[in-house]
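Down below is the structure, laid out as structure tokens.
On a predicted model such as this, the values are computed, not experimentally measured, just so you know.
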Amino acid sequence: QVQLVESGGGFVQAGGSHRLSCTVSGSSFTINAMGWYRQTPENQRELVAIITSGGSTNYADSVKGRFTISRPNAENTAYLQMNSLKPEDTAVYYCNAQYEGYDGTYYEDGDYWGQGTQVTVSA
């Protein structure tokens, strides 16, 4: 069974820093990209940051310059370093992994999702 385990959720004051971690386990397919998304009661789930196996990154404009996504050695753990946090960063953060592979008979691709972790930024 494939699992994405997120850690690092919690409370932090505005202006502070925090780091989230996500580890993928149990996948027999290649993880081509990993990303972080977030969702609030007011907004749909949105992309925060994504990193490909080649190291290319993309960020939402709202977090650019403040957040950094990393995936050391393109393995199965991704981090989201969050600096200069703002109250509007408060959300449930979800880890995502994009995969593809051949199981010996069929080609498969798709997404794995974590269960989400709450980050609350207080003023």
Quiz item: Between His18 and Gln81, does a side chain to side chain contact (heavy atoms under 4.5 Å, CB included) hold up when you go through it step by step?
Solution: CA-CA 6 Å; His18 208 69; Gln81 178 66 45; over 6 Å; no
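- The side chain to side chain donor-acceptor pair (under 3.5 Å) pairs that include a residue from residues 48-57 number zero, where partners must be two or more places apart or lie in different chains.
- Sorted by first and then second residue, the ring-ring contact (aromatic ring centres under 6.0 Å, His included) pairs with a member in residues 38-92 form an empty list; sequence neighbours excluded.
- Taking 4.5 Å as the limit, every side-chain heavy atom of Thr40 sits out of range of all side-chain heavy atoms of Val92.
- Gln3 CD: 12 or fewer foreign heavy atoms inside a 6.0 Å radius.
- At a threshold of 4.5 Å between non-hydrogen side-chain atoms, the residues Lys86 and Val121 do not count as touching.
- Note: the hydrophobic cluster containing Val63 does not contain Tyr37 (ILVMFWY, side chain heavy atoms under 4.5 Å, direct or indirect links).
- Checked by atom type and distance alone, the side chain of Arg45 never pairs as donor or acceptor with a backbone atom of Gln39 at under 3.5 Å.
- Hydrophobic cluster membership of Tyr106, counting Ile, Leu, Val, Met, Phe, Trp and Tyr whose side-chain heavy atoms lie under 4.5 Å apart directly or via other members: none, as it forms a cluster of its own.
- Within the 4.5 Å cutoff, the side chain of Asn76 has heavy atoms near those of the Arg71 side chain.
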Quiz prompt | side chain to side chain contact (heavy atoms under 4.5 Å, CB included) between Leu20 and Met82, intermediate numbers included | solution = CA-CA 8 Å; Leu20 303 180; Met82 304 181 291; 3.8 Å; yes
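- Summarising the geometry, atom CZ belonging to Arg38 is positioned 9.0 Å from atom CG belonging to Leu80; distances are rounded to the nearest 0.5 Å.
- Residue-environment remark: CD (Glu88) exceeds the threshold of 12 foreign heavy atoms within 6.0 Å.
- Under the 4.5 Å side-chain contact rule for hydrophobic residues, Ile50 and Ile31 do not share a cluster.
- With sequence neighbours excluded, the residues satisfying side chain to side chain donor-acceptor pair (under 3.5 Å) with Tyr107 are Glu100.
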Donor-acceptor pairs under 3.5 angstrom involving side-chain atoms of residues 4-15: please list them, not counting sequence neighbours.
residue : atom : partner : partner atom : Å
Glu6    : OE1  : Gln115  : N            : 3.1
Glu6    : OE1  : Gly116  : N            : 2.7
Glu6    : OE2  : Cys95   : N            : 2.6
Glu6    : OE2  : Gly116  : N            : 3.4

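- The cluster map of Ile, Leu, Val, Met, Phe, Trp and Tyr, joined by side-chain heavy atoms under 4.5 Å apart, puts Leu85 and Trp36 in the same cluster.
- Here the side chains of Asn96 and Met34 are not in contact, with every heavy-atom distance at 4.5 Å or above.
- With hydrogens and angles left out, the side-chain atoms of Thr120 and Thr90 include no donor and acceptor closer than 3.5 Å.
- Judged as a ring-ring contact (aromatic ring centres under 6.0 Å, His included), the pairs with a partner in residues 81-104 (not counting sequence neighbours) are, in order, Phe29-Tyr99, Tyr99-Tyr112.
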